Amino acid sequence: MSTQRTTGRRKQAVAAAAVVAALLSTAACGGGGNDDDGGSKNGAAGFNAANNKVAQASLAKKGGTLKFAGAQDADSWDTTRGYYGFMWNFSRYYSRQLVTNKAEPGAEGAKVTPDLATSTAEISADKKTYTYKLQDGITWEDGKPITSKDIKYGIERVWAQDVLSGGPIYLQQVLDPKAEYKGPYKDKSADKLGLKAIETPDDKTIVFKLPEANSDFEEMLALTSASPVRQDKDTKSKYGLKPFSSGPYKFQSYTPNKNLTLVRNTEWKQSSDPIRKAYPDKITVNFFTNANDMDQRLINGDYDLDIGQTGLSPQGRTTALKEHKGNLDNPVSGYIRYAVFPQSVKPFDNEHCRKAVIYGADHESLQTARGGPVAGGDIGTNMLPPSVPGSEGQKYDPYESATTNKNGNAAKAKEELKACGQPNGFKTTIAVRNNKPVEVATAESLQASLKKVGITAEIDQFDGAQTTGIIGSPENVKKKGYGIIIMGWGPDFPTVQGYGLPLWDSAYILESGNNNFALIKDKTIDGLFDSYVKELDDAKKAEISSEINHKVMEGGYYLPFVFEKFINWRSSNLANVYTTDGYSGQYDFVNLGLKK
């Protein structure tokens, strides 16, 4: 899953790193709530007070208006179509699932817990049948009960990709790998519930029959794409304009790219919902065309937080660090920013040429281009995000990128060049999105360091809005000679399957919309994924995850830049606020409250 928002100019992105580092030199090692970090001067909780822990939980009160600001609207508010991380987080205000992420900080927030269901699944011995019973008192916004058939129908909509494209399709791939079902809009059965893999023996029972076991199936059911949708309220491609609520809030008004207002769903019952506290009376979102203006309005106190959750822009970040440190958190985002080497473009079909780039890169310079150690993140040493079980963080550093070789190793790079038959270096092209200034700055840093070891790299800035058809087309990548692609990725759900399957499994190499940019066709890696999806023991799953990561890194397919971090704003009026691994280091929206 890729992030959406980019702000500031390229030069600002690099220059701001030094300023940020200086401003945070004391704060980064201190706790929250101290006078010297602004914690008590304006009622703010303190620097990093909500980073993987709850800030001001006891101060949350019922009532008030929670005000979000955003620099970009959601891709869709339709629970089937939305794929932006912030949409998944926000959609829990008006949608529920059988199971969802825990409303807890840090790693606990990535765990699955019952929502519409009375418990997590009853799983058969062969790990292919998942059975759920629904809670009492669960209702739609008009007071009618939510039934098992509503849940089945909502999931069936994932199959209607010709009408409802854009969202995750894990459920379709797992429940119907042969693509035999055509979706509810082409369903010839009278009730439009013809998907055989889901059974609804009564209104309170739902049974999933998987053709093959998949140990992350409940993680998939926790995605917003598994939300119920009632047939008589399904407006198909227009559903995202006003989804019908199963949660504590409902749509009052929505003007795309301008504003969105949610109000209380009076038919929702707290007794039926173990997750949501529903503190505010109203929730508003205003969308801005200029991120710097938005950041200033946040700092002025006009809004409570940024719905996009991708950090303040360089300009806003500098101001906030100087004057409002106690309103800031510095979470690890769950994303890794990296360069990837398509094997279809010579000489990157040779692993030694790939490794020459890894050794030739100045990792500290790349980190600075991303925003420095605090605003950009720790130097990336491997390809498994810290939030994913099996991650070893910087401890696994096969190319010594964060230690011995952090400024590059010219001797090792030249050894690899010799081994790949290019002793005098070679020429290549770096592909980078033109609407991502920080990525362009990263490409320029890489270009400069590679020149020192004889690798000449041109930079081609392509239209970021056309990513899917440009770098997502292996044929186009080969045609353009894109030997290095600058990109970033975060987990759809925090497991190696929810992160790495689209990147590394050979079955996910697509003609369009491809994310396996390296074109990895490794039978060992494919086999490890096959073993992973059948394994239910958490410890063994973590071991397999680590092994997959090691195989990917040993192949030299990627040059990780950073384990990304952000500087995020929370208003002094926010209560019960915390970051969660369940949503890649974002604040967990669902139980935010206001102090007054």
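Quick caveat, the model's predicted, so the values are computed rather than measured.
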>> For Lys258, is the NZ atom crowded, meaning more than 12 foreign heavy atoms sit under 6.0 Å from it?
In response: no
>> So Ile198 and Lys209, do their side chains get closer than 4.5 Å, heavy atoms only?
In response: no
>> Under the criterion side-chain contact (heavy atoms from CB on, under 4.5 Å), I'd like the reasoning laid out for Tyr153 against Leu195: C-alpha separation, chi angles, the key distance, then a yes or no.
In response: CA-CA 9 Å; Tyr153 182 80; Leu195 177 61; over 6 Å; no
> To the nearest 0.5 Å, what is the distance between CD (Glu141) and OG (Ser246)?
Replying inline: 9.5 Å
> If we only count heavy atoms from C-beta on, is the Asp581 to Asn101 side-chain gap below 4.5 Å?
Replying inline: no
>> For Trp88 together with Tyr83, are the ring centres under 6.0 Å from each other?
In response: yes
> Looking only at side chains, do Tyr84 and Gln72 share a donor and an acceptor under 3.5 Å apart?
Replying inline: yes
> When rounded to the nearest 0.5 angstrom, what is the spacing between CG in Asp115 and CZ in Arg96?
Replying inline: 4.5 Å
> Is it true that the side chains of Glu156 and Tyr181 contain a donor and an acceptor less than 3.5 Å apart?
Replying inline: yes
>> Any salt bridge linking Arg433 with Asp463? Criterion: basic side-chain nitrogen under 4.0 Å from a carboxylate oxygen.
In response: no
> Roughly how far apart are Ile206 CD1 and Thr131 OG1, rounded to 0.5 Å?
Replying inline: 10.0 Å
>> Does Lys149 have more than 12 heavy atoms from other residues, nucleotides or ligands lying within 6.0 Å of its NZ?
In response: yes
>> With a 6.0 Å cut-off on the ring centroids, do Tyr303 and Phe68 count as close?
In response: no
> Do Phe208 and Leu221 have side chains that get closer than 4.5 Å, going by heavy atoms?
Replying inline: yes
> Does the side chain of Trp159 come under 3.5 Å of the side chain of Asp176 through a donor N or O and an acceptor N or O?
Replying inline: yes
> Taking side chain as C-beta onward, heavy atoms only, is Ile169 less than 4.5 Å from Val158?
Replying inline: yes
> Counting heavy atoms not belonging to Glu122, are there more than 12 under 6.0 Å from its CD?
Replying inline: no
>> Check this for me: does any side-chain nitrogen of one of Lys541 and Glu535 sit under 4.0 Å from a carboxylate oxygen of the other?
In response: no
>> If you count heavy atoms of other groups shown closer than 6.0 angstrom to NZ of Lys192, is the number above 12?
In response: yes
> Can you tell me how far OH of Tyr578 sits from CD of Gln586, rounded to the nearest 0.5 angstrom?
Replying inline: 12.5 Å
>> Before you tell me yes or no, could you show the steps for Asp232 and Arg230 under salt bridge (Lys or Arg N to Asp or Glu O under 4.0 Å), namely the whole-Å CA-CA distance, both residues' side-chain angles and the distance that decides it to 0.1 Å?
In response: CA-CA 6 Å; Asp232 64 327; Arg230 210 168 77 194; 2.8 Å; yes
> Are Asp281 and Lys62 close enough for a salt bridge, meaning some N to O gap below 4.0 Å?
Replying inline: no
> Side chains of Asp75 and Arg81: does their closest heavy-atom pair fall under 4.5 Å?
Replying inline: no
>> Between Tyr499 and Phe493, is the ring centroid distance below 6.0 Å?
In response: no
> So do the side chains of Thr224 and Met87 get within less than 4.5 Å of each other, counting heavy atoms only?
Replying inline: yes
> Does a side chain donor of either Lys133 or Thr118 reach within less than 3.5 Å of an acceptor in the other side chain?
Replying inline: no
>> If you apply the rule side-chain contact (heavy atoms from CB on, under 4.5 Å), what do you find for Asp187 with Lys182, and how did you get there?
In response: CA-CA 7 Å; Asp187 195 327; Lys182 302 306 178 186; over 6 Å; no
> Quick check, are the ring centers of Tyr94 and Tyr249 under 6.0 angstrom apart?
Replying inline: no
>> With rounding to the nearest 0.5 angstrom, report the OG1 to OH distance, Thr79 to Tyr239.
In response: 5.5 Å
>> Looking only at the side chains, is there a donor atom on one of Gln97 and Ser227 sitting less than 3.5 Å from an acceptor on the other?
In response: yes
>> Do the side chains of Glu543 and Lys540 get close enough for a salt bridge, i.e. N-O under 4.0 angstrom?
In response: no
> Above 12 or not: heavy atoms from other molecules or residues under 6.0 Å from CD of Gln231?
Replying inline: yes
> Just by distance, do the side chain of Thr205 and the backbone of Pro201 share a donor-acceptor pair under 3.5 Å?
Replying inline: no
> Would Lys236 count as a cation-pi partner of Tyr185, with NZ or CZ less than 6.0 Å from the six-membered ring centre and within 45° of the ring normal?
Replying inline: yes
> Is there a donor in the side chain of Asp526 and an acceptor in the side chain of Ser506, or the other way round, less than 3.5 Å apart?
Replying inline: yes
> Between Asp78 and Arg157, is there a side-chain N and carboxylate O pair less than 4.0 Å apart?
Replying inline: yes
> Any sub-3.5 Å donor-acceptor pair from Ser391's side-chain atoms to Ser387's backbone N or O?
Replying inline: no
> Run the side-chain contact (heavy atoms from CB on, under 4.5 Å) check on Lys127 and Lys534 step by step: do they pass?
Replying inline: CA-CA 8 Å; Lys127 307 172 187 176; Lys534 296 172 186 174; 6.0 Å; no
> Have Asn591 and Asn576 got a donor and an acceptor in their side chains that come within less than 3.5 Å?
Replying inline: no
>> Looking only at the side chains, is there a donor atom on one of Trp140 and Asp150 sitting less than 3.5 Å from an acceptor on the other?
In response: yes
> If you measure from the Lys or Arg side-chain nitrogens to the Asp or Glu carboxylate oxygens, is any gap between Arg276 and Asp273 under 4.0 Å?
Replying inline: yes
>> Is there a side-chain contact between Thr580 and Glu104 in this structure, where contact means two heavy atoms from C-beta onward sitting under 4.5 Å apart?
In response: no
>> Within the structure provided, determine whether Ser545 and Leu384 are in side-chain contact (heavy-atom separation under 4.5 Å).
In response: yes
>> Can you confirm whether the side chains of Asp216 and Tyr170 place a donor and an acceptor under 3.5 Å from each other?
In response: no
> What is the distance from atom OG1 of Thr310 to atom CD of Glu564, rounded to the nearest 0.5 Å?
Replying inline: 8.5 Å
> Parallel under 30°, tilted from 30 to 60°, perpendicular over 60°: which one fits the rings of Phe90 and Phe589?
Replying inline: perpendicular
